[in-house]
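This one's a predicted model, so the numbers in the text were calculated from it and none came from an experiment. Within every chain, numbering begins at 1; the chains are lettered A, B, ... in the order of the sequence lines, protein sequences first and strands thereafter.
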There are 2 protein chains.
Amino acid sequence: MGGAQERTLRADAARNRARLLDVATEVFTTRGVGVPTEQIARAAGVGVGTLFRHFPTKEALLEAVMVRRLETMAAQTAQLAAEAGPTEAFFACFRLVVQQSSGKDEFTRALAAAGVDAHASLQEPTMEIQTRLTELLAGAQRAGAVRPDLGLPELIALLAGTGKALEQLGSDPAPRERIFKVVFDGLRPR
Amino acid sequence: MGGAQERTLRADAARNRARLLDVATEVFTTRGVGVPTEQIARAAGVGVGTLFRHFPTKEALLEAVMVRRLETMAAQTAQLAAEAGPTEAFFACFRLVVQQSSGKDEFTRALAAAGVDAHASLQEPTMEIQTRLTELLAGAQRAGAVRPDLGLPELIALLAGTGKALEQLGSDPAPRERIFKVVFDGLRPR
DNA sequence: GTGAAAACGGAGTCACCAGTCCGATTCTAG
DNA sequence: CTAGAATCGGACTGGTGACTCCGTTTTCAC
């Protein structure tokens, strides 16, 4: 699976493909994955035929969007991890992942529902992020900033949960910050 | 909206209605709200015609299920609140609501998506629960067991978030308990 | 027991949406 | 500039699922 089928897309094709990805990301995250494909094509200024030529399946489009989001997240996480001490890096990444993953699991659920496959291209970026998180968690625990009885599964669960909690709240920053306070406080040892 | 249209349903009709509600509750919570109505009718041992006579709309069925769940939750909450001191009652109710609300917001989202109405019959039990929660929160704060800067919105967000976190985890009780530890610890003052 | 009202069941209708097909259009090599 | 290949657009198809309609069955008052 090297991925050398990039037969130099024609200029307009490349433009349309990129535009579709952007629009799909926007629409799926704001209006949910149930939005008809035609509306996405319309919003991107192309016909449905074009959409299905680039992404043979709605599921494939979803997958492409997810992969991009995950890759971006992995890169940002890596950068944060390199820039700060273990404790700061851990909490900064926690915030980052929580923010980015808003609505993410609706995607994964939709993908899962569409069949057992789909994982292939998601596996890699997912693993990458999990590796980073494992390192960050271990680092923060070594530094005594996070209770030592937590593992990666609990961390992931807390990330998802915190994301959900923030969704419930409006955009007012004060209550949001209070949620972070509660969670971060709970993460500290004893 | 008095609610006096209970014209003494015929015996079989009452039985079928109850059965439909039970089956729908089970199916919606385990397999999601996307399950076709026909499968619910089938599982309840009736035809689709019967289902739609009792609940004129899929949305109406969803709403009826929700109302029952909320009412049960309100009752359990009230009982717990009466049985224990403020601190214990608060944390016990927190656990209860989290457990009960697994998958609940998929319902509300589906209802919201189906139109702006639907609220009518949900309003009352929702308010009831919120009132209880407000009292419990205030009680626990007065007792010094919960940080005083949290309000009802934050509590609700945390309940939803904790529920989501637990969903991520399997059924193994140990990690689940660790999540509760983190959240409860975070809820404590300073 | 009996007949009419109440309820049932499920085939049929209608709308919606993912995915296909092919004539029309646009790009690019020469 | 031009030919032909790559791409496009959107009408069309097939399948699915919510909801309706009506002939058949069940309940219940007498």
Side-chain angles (χ1 to χ4, degrees), chain A residues 4-24 27-28 31-66 106-107 109-115 117-118, chain B residues 4-24 27-28 31-66 106-107 109-115 117-118:
Chain A
Q5 92 289 43
E6 314 281 285
R7 308 186 43 181
T8 45
L9 240 36
R10 223 171 70 177
D12 53 348
R15 206 182 319 129
N16 283 335
R17 187 176 203 287
R19 211 167 148 53
L20 278 167
L21 252 187
D22 288 343
V23 170
V27 172
F28 281 149
R31 295 173 49 202
V33 296
V35 175
T37 43
E38 191 189 346
Q39 288 192 27
I40 291 170
R42 197 79 86 190
V46 304
V48 277
T50 301
L51 188 156
F52 282 106
R53 195 168 324 102
H54 287 301
F55 306 97
T57 277
K58 187 180 187 177
E59 185 198 337
L61 176 57
L62 235 51
E63 193 180 323
V65 170
M66 267 299 279
E106 194 189 353
F107 279 46
R109 196 182 303 196
L111 283 176
D117 44 23
Chain B
Q5 91 289 44
E6 313 281 284
R7 309 186 42 179
T8 46
L9 238 34
R10 225 172 67 175
D12 53 347
R15 206 181 320 128
N16 283 334
R17 188 176 203 286
R19 210 168 148 52
L20 278 167
L21 252 186
D22 289 343
V23 169
V27 172
F28 282 150
R31 297 172 49 202
V33 295
V35 175
T37 44
E38 192 190 345
Q39 289 192 25
I40 291 171
R42 197 81 85 190
V46 303
V48 278
T50 301
L51 189 155
F52 282 105
R53 196 168 324 102
H54 287 300
F55 306 97
T57 277
K58 186 180 188 178
E59 185 198 337
L61 176 56
L62 235 50
E63 193 182 322
V65 169
M66 268 298 278
E106 195 190 352
F107 279 47
R109 195 183 303 195
L111 283 175
D117 44 21

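Remark: A:R10 engages A:D12 in a salt bridge (charged side-chain N to carboxylate O under 4.0 Å, His left out) (not counting sequence neighbours).
Closest non-hydrogen pair, A:A44 versus A:L20, comes out as CB-CD2, 3.7 Å.
First and last contacts of DNA chain D with chain B, using any nucleotide atom under 4.0 Å from a protein heavy atom and ordered 5' to 3', fall at D:dG17 to D:dC28.
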N/O donor to acceptor pairs below 3.5 angstrom from side-chain atoms of residues 33-40 of chain A, sequence neighbours left out:
from  : atom 1 : to    : atom 2 : distance (Å)
A:E38 : OE2    : A:R42 : NH2    : 2.9
A:Q39 : OE1    : A:R31 : NH1    : 3.4
A:Q39 : OE1    : A:R31 : NH2    : 2.7

Would you be so kind as to tabulate the donor-acceptor pairs closer than 3.5 Å made by side chains of residues 46-57 of chain B, with sequence neighbours excluded?
none

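Atom P of nucleotide C:dA18 and atom CG of A:L62 are separated by 11 Å, given to the nearest angstrom.
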Under 3.5 Å between N/O atoms: give me all the protein pairs with nucleotides 6-9 of chain C, atom names plus distance.
from  : atom 1 : to    : atom 2 : distance (Å)
C:dA6 : N3     : B:R10 : NH1    : 2.6
C:dA7 : OP1    : B:R10 : N      : 3.3
C:dA7 : O4'    : B:R10 : NH2    : 3.3
C:dC8 : OP1    : B:N16 : ND2    : 2.5
C:dC8 : OP2    : B:R53 : NH1    : 2.5
C:dC8 : OP2    : B:H54 : NE2    : 3.4
C:dG9 : OP2    : B:G47 : N      : 3.0
C:dG9 : OP2    : B:T50 : OG1    : 2.9

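Residues B:L62 and B:M66 are not in side-chain contact: their nearest non-hydrogen atoms beyond the backbone lie 4.5 Å or more apart.
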